[in-house]
Undergrad: 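Have a look at this one before I ask anything.
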Number of protein chains: 2
Amino acid sequence: MDLHDFFDAIYPLTSNSRQAIERIVTEKTYKKQEVIQPIGSRCKTVYFIKNGCARIFYFKDGHDITEHFAFKKDIIVRAESLFTGKPTSKGIQAINDTNVLKIDALSLFRLYDVHHDIERLFRLIFEKEYVNTVKRIESFQFKSAKERYLDLLNTTEIVQKIPLKYIASYLGITQVSLSRIRAEVR
Amino acid sequence: MDLHDFFDAIYPLTSNSRQAIERIVTEKTYKKQEVIQPIGSRCKTVYFIKNGCARIFYFKDGHDITEHFAFKKDIIVRAESLFTGKPTSKGIQAINDTNVLKIDALSLFRLYDVHHDIERLFRLIFEKEYVNTVKRIESFQFKSAKERYLDLLNTTEIVQKIPLKYIASYLGITQVSLSRIRAEVR
DNA sequence: CTAGTTATTTATCATTTGTTAATTTTTATT
DNA sequence: AATAAAAATTAACAAATGATAAATAACTAG
C-alpha cells in the first residue's frame, strides 16, 4: 500500500499506528465520470488517490464548476464539510478511471485520541492543503486568466489529462475564453 | 486574557496547558499603518488580535494587494510560511491602532510534543482558517466583482473600518472599479 | 482652522472576458 | 470504418473591468 510511502514522506507512524490506520482503510475503483461523493452530502471520507484523477465540483447558475483537481498520490476531501460536519453543495467525481483508498473520517478522528502521531500526521497533511489553497487565492487576485493558465501549464500535469471545460472553470473563466487564450499562446 | 475565551470556544485546555501557553505569549501594540511583520520575512509568530485590525499584503507589479483581513478575536498568520518554514513575499500590517497577543511559533510547536491538547486546539484553529480560505476561492470563481462586494457587505465588519483601497484589492479589482460598483449599488 | 496630503469618485477610452451561435475536431459506440 | 455524440474552436457583439486623468471629498498635522 503506497499510502504509507505518502505518510512516511510527511510524518512516519509507529507500526502500531500504521496497523490502526490499515483497519479503517478500504480500496475502491471508480469509472471515468463516476460520482465519488454526491453534491449535498457530508464529507465522511478522506480519499487517497492511488491512480487516476478526480475533481471537486459544484453548480453555480446552472454551470458546472471545478473547484479542485487531485491526482495520483494526492489526498482529496471537501474541507468545508469534513471540518465542520455540515453538508456541502460540492461533490467529488472521478475524471478518468480512478483507484482510491478510502479512510473513514469518523474512525480516523477517533484514532486521533489514542494515537498522537496519527493526529500529527493528518495535521501536517491538511496544513499542506491549506497552504495550497492560500496560493490558489493569490492566483485569482490580480492575475489575468492568461497568467493563471500559463502558471497551470508550468506547474502541473493538469493540462495533459483533463478536459478543457474542467480547466476553464477551475481558472474562473469560460471554455470559450480559455480556447481564445490557448490560441494566443500558440 | 481573552485568548482563553477564544480557545475555550474551540477546544478547552487543561490548566497545565493553559499555563504552558501563557509562558510563550507576549502582548504588543502597533500604531495605525505600522508593519507587524515585514515582506520577505519568515512567519515565526501566531498573532491573536485583542483589538483593532490588520491585513496580510504583498506587492504585485508595484500594486499593494491585500490578501486577508483580520479583526478582533481573529488569529492571523502567514500560512505559506508558518507551515513550510520558508520566507514569504507577504507582510502583515496594522490597519488601525492594534493590540495583539504574540505566540511564538517555535515554542508553540515544541509544546505540541508535550501537550496533546494544545496540538489539537491549534489543529482545529487552523482547520477553521483552511475552511475560510476554501470559501474565499469560491467567491473568486464565477462571482462578479459586484457579487463579491455585496457578499462582503453582508458578512463582515470590513466595510465599516477599512479604507476602500484595501477592500478593492482584497476583492481582486481596482479602486476605481470598486467605486463604480458602489455607485451602482447606491 | 487652514494647508497640504490622501482617499474617493467620476469620466473617457482600451482591454479583457462573457454570451451566443455556428463550425470543426475529437472521442465513443456500433 | 461509419455514425453519432461530445468537446473545442472561431466569430461577432455585449458587458465588465482596467488605466489614466481630473475633480471632489475626507483626513491630518501644524
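Throughout, protein chains are lettered first and strands after them, A, B, ... in sequence-line order, and every chain is numbered starting at 1.
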Undergrad: Rounded to whole angstroms, how far apart are CG on A/L164 and C1' on C/dT25?
TA: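 To the nearest whole Å, that distance equals 12 Å.
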Undergrad: Rounded to whole angstrom units, what separation is found between the CG atom of B/N96 and the P atom of D/dC27?
TA: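 Checked: the CG to P distance equals 12 Å.
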Undergrad: Whether the A/Y11 and A/R123 side chains hold a donor-acceptor pair (N or O, under 3.5 Å, no angle test) is what I'd like checked.
TA: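 No pair is found: no donor N or O on one side chain lies under 3.5 Å from an acceptor on the other.
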Undergrad: Sub-3.5 Å donor-acceptor pair from the side chain of A/Q141 to the main-chain atoms of B/S169, do we have one?
TA: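 At least one qualifying donor-acceptor pair exists.
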Undergrad: Where does DNA chain C form stems of at least three consecutive Watson-Crick or G-U wobble pairs, each pair having both distances below 3.5 Å?
TA: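 Stem list for DNA chain C: C:1-30 with D:1-30.
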Undergrad: Can we say B/D113 and A/R120 salt-bridge, meaning some charged N sits less than 4.0 Å from an Asp/Glu carboxylate O?
TA: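 Between A/R120 and B/D113 there is a salt bridge, with a charged N closer than 4.0 Å to a carboxylate O.
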Undergrad: Passes side chain to side chain contact (heavy atoms under 4.5 Å, CB included), A/K60 versus B/E138? Steps please.
TA: CA-CA 10 Å; A/K60 149 107 185 162; B/E138 248 180 276; over 6 Å; no
Undergrad: Roughly how many Å is it from CD1 in A/I162 to C1' in D/dA8, rounded to a whole number?
TA: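 After rounding, the gap between these two atoms is 16 Å.
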Undergrad: Whole angstroms only, please: what is the NZ-C1' distance between A/K146 and C/dG18?
TA: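 Atom NZ in A/K146 sits about 18 Å away from atom C1' in C/dG18.
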Undergrad: For A/K86, is there any backbone N or O sitting under 3.5 Å from a side-chain donor or acceptor partner on A/S81?
TA: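 A pair under 3.5 Å: yes.
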Undergrad: B/D64 has an atom CG; how far is it from atom C1' of C/dT6, in whole Å?
TA: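 About 14 Å, once rounded to whole Å.
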Undergrad: Check the pair A/R110 / A/D104 against salt bridge (charged side-chain N to carboxylate O under 4.0 Å, His left out), numbers first and verdict last.
TA: CA-CA 10 Å; A/R110 271 197 294 266; A/D104 181 68; 5.1 Å; no
Undergrad: Begin with the C-alpha distance, continue with both residues' side-chain angles, and end with the deciding distance and a verdict on side chain to side chain contact (heavy atoms under 4.5 Å, CB included) for A/S41 and A/R78.
TA: CA-CA 10 Å; A/S41 62; A/R78 293 169 300 169; 3.0 Å; yes
Undergrad: If two hydrophobic side chains count as joined below 4.5 Å and joins carry through other members, does B/I21 share a cluster with B/F6?
TA: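 B/I21 clusters together with B/F6.
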Undergrad: Any side-chain N or O of A/K32 less than 4.0 Å from the OP1 or OP2 oxygen of C/dA28?
TA: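 Checking A/K32 against C/dA28: at least one side-chain N or O falls below 4.0 Å of OP1 or OP2.
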Undergrad: Could you state the atom-to-atom distance from NZ of B/K143 to C1' of D/dA16 in whole Å?
TA: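 Checked: the NZ to C1' distance equals 18 Å.
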Undergrad: Roughly, in whole Å, what's the span from NZ in A/K165 to C1' in C/dT26?
TA: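 Those two atoms, NZ and C1', are 13 Å apart.
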Undergrad: Please list, by residue number, the residues of residues 167-186 of chain B whose heavy atoms come closer than 4.0 Å to an atom of DNA chain D; answer none if no residue qualifies.
TA: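 B/G172, B/I173, B/T174, B/V176, B/S177, B/R180, in order of number.
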Undergrad: Could you check whether any side-chain N or O of B/E80 sits under 3.5 Å from a backbone N or O of A/V131, counting only pairs where one atom can act as donor and the other as acceptor?
TA: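 No, the answer is negative, given that no donor and acceptor are paired below the 3.5 Å cut-off.
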Undergrad: To the nearest Å, how far apart are A/R148 CZ and C/dT17 C1'?
TA: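 Value for this atom pair: 10 Å.
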